[in-house]
Amino acid sequence: MQIFSTPAEMQAWSDARRTAGQRIGLVPTMGALHSGHLALIDDALTRTDQVVVSIFVNPLQFNEAADFDGYPRPIDDDVAACERAGVTAVFAPTAAAMYPAGFQTRVVPGPLGDVMEGPHRPGHFEGVVTVVAKLFGAVRPHVAVFGQKDYQQLRIITQLAADLEFGIEVVGHPIVRDLDGLARSSRNVRLTEAERSAAVAIPNALDAAIDAAVAGNVDDVVAAATSVLAAEPAATLEYVTVFDAVTLVELDDLTEIPHVRGVARIATAVWFGDVRLIDNRDLYER
Ligand code: PAF
């Protein structure tokens, strides 16, 4: 497995692989790899000949310095995990290599970035889209695999790839969950034991919402999720929203949509102590 630390080295490797007729898969990450990331790598391995994992904690997408500083960076463990998983190259640039002196371009998402997480994390998606455009330019993949846990991010990047003609297939991989249903996230390691136990309220809240969705009243759906979270003293709810799975526009009437998979989703953001967790599910996945 090779490790590259500059976009130029990465591009040279990718160009050689492309010339040899090989298909390149990219799994973009900020490191602290867990089994959710390994599932994305496995997915990319089934679709392409060579899989690149990028590991870069992108300063542009953090709203709070404390969140950026506290983000876990176990780079040696991450590299070892990539090697074991069958990755052919790791792209782990420094911030100076990604954003050298004079760097000034920003890629701004459209309306998909204005809803849900957007108002709560100003500038976040601009930072994500800018770095993903750079990762696409450095790695030049045929396929890029992202997790559905960051569903809004996945939709925004799918739109980015289409709008800017990157010629990259963006794949959304299903959320990987712990046995109790909590979505795997690099942030979970920052939960105390008590917070980790309490965090099961998130999947429980989404379950309750999905049960309520059968009747088709959106207020009842939101209330079902909210009441589960309100009953957990360690949880501070930021939002629960029911939205169109493609446009991300908030839905206020479920009677006008077909109750089938892929049409509507529910998402939430919840704080446990100083850790902010997000999750989402298809409202009619059952
Ligand atoms: O989802 C993430 O880990 C990050 O937002 C990404 C896509 C790697 C960009 O920094």
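All ligand and atom numbering here is 1-based and tracks the order in the structure. Sequence positions, counted from 1, serve as the residue numbers for this chain.
Under 4.0 Å is where a charged nitrogen must lie from a carboxylate oxygen, and between Arg155 and Asp244 no such pair does. With respect to the salt-bridge test (charged N to carboxylate O, under 4.0 angstrom), the residues Glu238 and Arg121 do not qualify.
Between Phe4 and Trp13, the ring planes lie tilted relative to each other; the angle falls in the 30° to 60° range. Ring-plane geometry between Phe56 and Tyr99 is classed as tilted, the angle between the planes lying from 30 to 60 degrees on a 0 to 90 degree scale.
Close approach of ligand 1 to Pro28 (heavy-atom distance below 4.0 Å) involves ligand atoms 8 (C). Against a heavy-atom cut-off of under 4.0 Å, Val131 is close to the following atoms of ligand 1: 9 (C), 10 (O). Within the listing of ligand 1, atoms 8 (C) sit less than 4.0 angstrom from a heavy atom of Thr29.
With a 4.0 Å heavy-atom cut-off, ligand 1 is reached by no atom of Ile157.
Protein heavy atom at the shortest distance from atom 7 (C) of ligand 1 is Gln153 NE2, 3.5 Å. Here the protein heavy atom with the shortest distance to atom 9 (C) of ligand 1 is Gln61 OE1, 3.3 Å.
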Derivation of the side-chain hydrogen bond (donor to acceptor under 3.5 Å, both in side chains) call for Gln22 and Gln50: CA-CA 7 Å; Gln22 294 184 318; Gln50 308 285 341; 3.1 Å; yes
